[in-house]
Number of protein chains: 2
Amino acid sequence: MFIGELAKKTNTKVETIRYYEREGILPAADRTDANYRDYSPVHLAKLTFIRRSRDLGFSMAQVRSLLDLAVDDDQPCAGVDAMAREHIINVDRKIADLTLLRAELSHLLNACDSERIGKCRIVEALGEPRR
Amino acid sequence: MFIGELAKKTNTKVETIRYYEREGILPAADRTDANYRDYSPVHLAKLTFIRRSRDLGFSMAQVRSLLDLAVDDDQPCAGVDAMAREHIINVDRKIADLTLLRAELSHLLNACDSERIGKCRIVEALGEPRR
DNA sequence: TCTTGACCCTATAGAGGCTATAGGGTGCAT
DNA sequence: ATGCACCCTATAGCCTCTATAGGGTCAAGA
């Protein structure tokens, strides 16, 4: 399949796919006589993996090491597991922060409804150094 | 406090602080006779807020607008109200996204039966197109 | 057969948000 | 007075894409 089809299937911009190839994160595809990239189902799976990992908030470097871990059949679980675990901690912290911010924002709305502008404490809500 | 101390306290690079000042998102500090920036606790809270917000995925423009809400002079209620409402929608969407992501990550963890080496399905799971 | 239009190619530049480097001043301890 | 860690400005570069310019390829239709 050509790059456009791969792009559609993985919901990725064509330019981004070429960028991934330049970065060496997606293996180069075979070329047709007309020098078109010709992708295989393996590329599709790998790119899907990359995109999904990026969506889940892993950095390029992390995706790289996830891919490396995937190649090594011996101990993939421990490494991948550890990365996911660490990531979950971050996500939980973010959800907590956003919930705080949300509360302050809706407080602001209520203050407004009661005709008196309340003090906005959004900075106070998130302005404290983390415990 | 000087810029280095502020940097340490907020886990921010000195260069980044100066960048925020140039961008007008963090107010300029007073200067000492030697032209050193001299920061107050107010700067500390504001910068902490900025960093947290950025970490939560708000763009610079969004952080700017959140900070505008915090200017507690009597602004026209309607404007503040509309802005706060908009941000709440945004925050709710972020919370929903992260909650989903959290579920997926913990699903990933479950897919890893670490007792059985070589049977890790995390990698497979990431390579599947999204249902 | 010739043209049109959707695709493909490379190379390069730009955006957003930092981060690093060069070249130099400040201030305190030894 | 000499180090050394810190501060200053100005400018260039990095990361992850995304867009643009300038140009080939190919199937379908006039």
5'-most by nearest nucleotide on DNA chain C - B/Ser59 or B/Thr32
B/Ser59
Check this for me: A/Asp92, atom CG, are more than 12 non-hydrogen atoms of other residues, nucleotides or ligands nearer than 6.0 Å?
yes
Using a heavy-atom cut-off of under 4.0 Å over every strand shown, decide if A/Phe2 touches base, sugar-phosphate, or nothing.
sugar-phosphate
Can you tell me how far apart NZ (B/Lys94) and CD1 (B/Ile89) are? Round to the nearest 0.5 Å.
13.5 Å
Give the first and the last nucleotide of DNA chain D, reading 5' to 3', that has any atom under 4.0 Å from a heavy atom of chain B.
D/dC6 to D/dT9
Roughly how far apart are B/Asn90 CG and A/Leu101 CG, rounded to 0.5 Å?
9.5 Å
For a quick check of understanding: with a heavy-atom distance under 4.0 Å over all strands, which category does B/Arg54 fall into, base, sugar-phosphate or nothing?
sugar-phosphate
Is the base of C/dG25 touched by the side chain of B/Tyr36 through a donor-acceptor pair closer than 3.5 angstrom?
yes
Could you check whether A/Arg51 and A/Tyr20, counting side-chain N and O atoms only, form a donor-acceptor pair closer than 3.5 Å?
yes
Under 4.0 Å from OP1 or OP2 of C/dC7: is there any side-chain N or O of A/Arg37 that close?
no
A/Tyr36: hydrophobic cluster co-members (side-chain, 4.5 Å)
A/Phe2
Could you check if a side-chain atom of A/Leu98 sits within less than 4.5 angstrom of a side-chain atom of B/Phe58, using non-hydrogen atoms only?
yes
